[in-house]
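Each ligand, and each atom within it, is numbered from 1 in the order the structure gives. Excluded from the calculations below are hydrogen atoms, water molecules and symmetry mates; all remaining heavy atoms, backbone and side chain alike, are included.
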Amino acid sequence: MRKRVYLDHAATTPLDPRVLEAMLPYLRDFWGNPSSLYAEAQEARKGLDGARRTIAGILGCRPQEVIFTSGGSESDALALRGVAYAARRRGNHIVTSAVEHHAVLHTAERLEQEGFGVTYLPVDGEGFVDLAELERAVSEETTLVSIMLANNEVGTVEPIEEAVRIVKAKNPHAAFHTDAVQAVGALDAGVDRLGVDLLSIGAHKFYGPKGAGALYVRSRTPLQPQALGGAQEKDRRAGTENVPYIVGMAKAMALAYEELAARNAHYRALRDRLLDEIPARVPYTHITGPKDRDRRLSNNASFCFEYIEGEAILMALDLQGVAASSGSACTSGSLEPSHVLTAMGIATELARGSLRLSVGKDNTMEEIDYVLEVLPGIVSRLRSLSPTWPERERATQV
Ligand SMILES: Cc1ncc(COP(=O)(O)O)c(C=O)c1O
């Protein structure tokens, strides 16, 4: 069988074997309920507390400011709904951006249906949020601003520190949430440096297990719990904690930050080769996201190809052993062009021809070279079949 080349680390990452090792004792031996008082529970409690301290240490916050959740989506929903409802007496306006993950956007849309006012900030052609619009949007009524740290489709790293300054100058009571699901493991996620009040994390994007996440909530930020029941997580999220997965998430995060510089250097080398070579080898190709590579995620290379559908490229790449994405995993399978690309002003036709390659720590330059070898042929074959491919080009291809 042909060796597989996995280039969809923005969708999910494999479990690091060192993370699995850290999790196993909590699956096998320390299965007690961490909220119980007897001896069997104590090891589980220690695992949970240790994980919380590790994550707090990396975020630069206090352990009690970390709430464990089931993943990035739940963290985002808890941040938006939790603040919107807890601060409702002060105002009912939320600000977010047009390029957020659907975990934020669909939650914001639901809040609109429930009577909240939501402003969706526009972005420029590279996916950067319009800060002048942010300044205009924030009012006395605004209780929450939610802007992602890094975009999952095109890798834009948003200027969060500047956005926080703008928001706090206009309304110091407005809480600032950032969805850092794609950023953790690639960027510094220090909450004080960023200045944010809430920050979402999902373990499976940095070689941790799926189904584990966390929400940082700065002390004194109003937050109404969404899952009700037991008093876990200091009454902010009911439910027996998933101890093995939480321990795994902490281990994965610790490894990601211990190895951050080396991983980023590796990602950049692979990403830059894709960004340099694909447009050079494939005509009518556009890089999407920031041109300035210091302002895009170190592991993201994203493109739009004229005259073809992204889905067709994915299927052809899969047949050649390459796993990739046309944007976010959540929208693949739908023929709707990505909301991120359209918000960036990319025409619908062109947005349909999108491809995202997201590299990981175990990819090699040989794998990148293999992709560079097969991709031009795939694109030109698909174009020769495309009804939109200009006749003159068709003539030169066949
Ligand atoms: C930016 C962003 N936010 C939120 C999520 C949702 O995270 P999870 O899959 O852990 O629910 C993702 C996952 O793709 C993401 O990329």
Worksheet item: Is the closest heavy-atom distance from H204 to ligand 1 below 4.0 Å?
Response: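 It does, in that a heavy atom of H204 comes within the 4.0 Å cut-off of ligand 1.
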Item to complete: Please confirm whether K205 comes under 4.0 Å of ligand 1, counting heavy atoms of the residue only.
Response: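 For ligand 1, residue contact (heavy atoms, under 4.0 Å) with K205 is present.
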Discussion item. Ignoring hydrogens, what is the shortest heavy-atom contact between E153 and H339? Give both atom names and the distance.
Written reply: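 So the minimum-distance heavy-atom pair works out to OE2-CE1, 4.0 Å.
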Worksheet entry | Closest candidate by heavy atom, reference atom 15 (C) of ligand 1, pool H101, H102, E153, M148 |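 Minimum heavy-atom distance to atom 15 (C) of ligand 1 goes to H101.
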Any carboxylate oxygen within less than 4.0 angstrom of a Lys/Arg side-chain nitrogen, looking at [X] and [Y]?
| X | Y | answer |
| --- | --- | --- |
| K251 | E21 | no |
| E74 | R237 | yes |
| E259 | R18 | yes |
| E133 | R136 | yes |

Fill in: Region of V104 that comes within reach of ligand 1 [heavy atoms, distance under 4.0 Å]
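Neither; nothing of V104 gets under 4.0 Å from ligand 1.
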Show me which atoms of ligand 1 lie under 4.0 Å from any heavy atom of [X].
| X | value |
| --- | --- |
| D76 | 3 (N), 4 (C) |
| S73 | 6 (C), 7 (O), 8 (P), 11 (O) |
| N152 | 1 (C), 16 (O) |

Worksheet item: So, is G72 polar-close to ligand 1, with some N/O to N/O distance under 3.5 Å?
Response: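 Yes, since at least one N or O of G72 sits under 3.5 Å from an N or O of ligand 1.
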Item to complete: Could you say whether the N/O atoms of E74 and ligand 1 ever approach to under 3.5 Å?
Response: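 No, E74 has no N/O under 3.5 Å of an N/O on ligand 1.
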Worksheet entry | Counterpart residues, salt bridge (Lys or Arg N to Asp or Glu O under 4.0 Å), relative to K234 (two or more places apart) |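 Salt bridge (Lys or Arg N to Asp or Glu O under 4.0 Å) list for K234, sorted by chain: empty.
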Worksheet entry | salt bridge (charged side-chain N to carboxylate O under 4.0 Å, His left out): pairs with one or both residues in residues 164-191, sequence neighbours excluded |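 Of all non-adjacent pairs touching residues 164-191, those that pass salt bridge (charged side-chain N to carboxylate O under 4.0 Å, His left out) are K168-D197, D188-R193.
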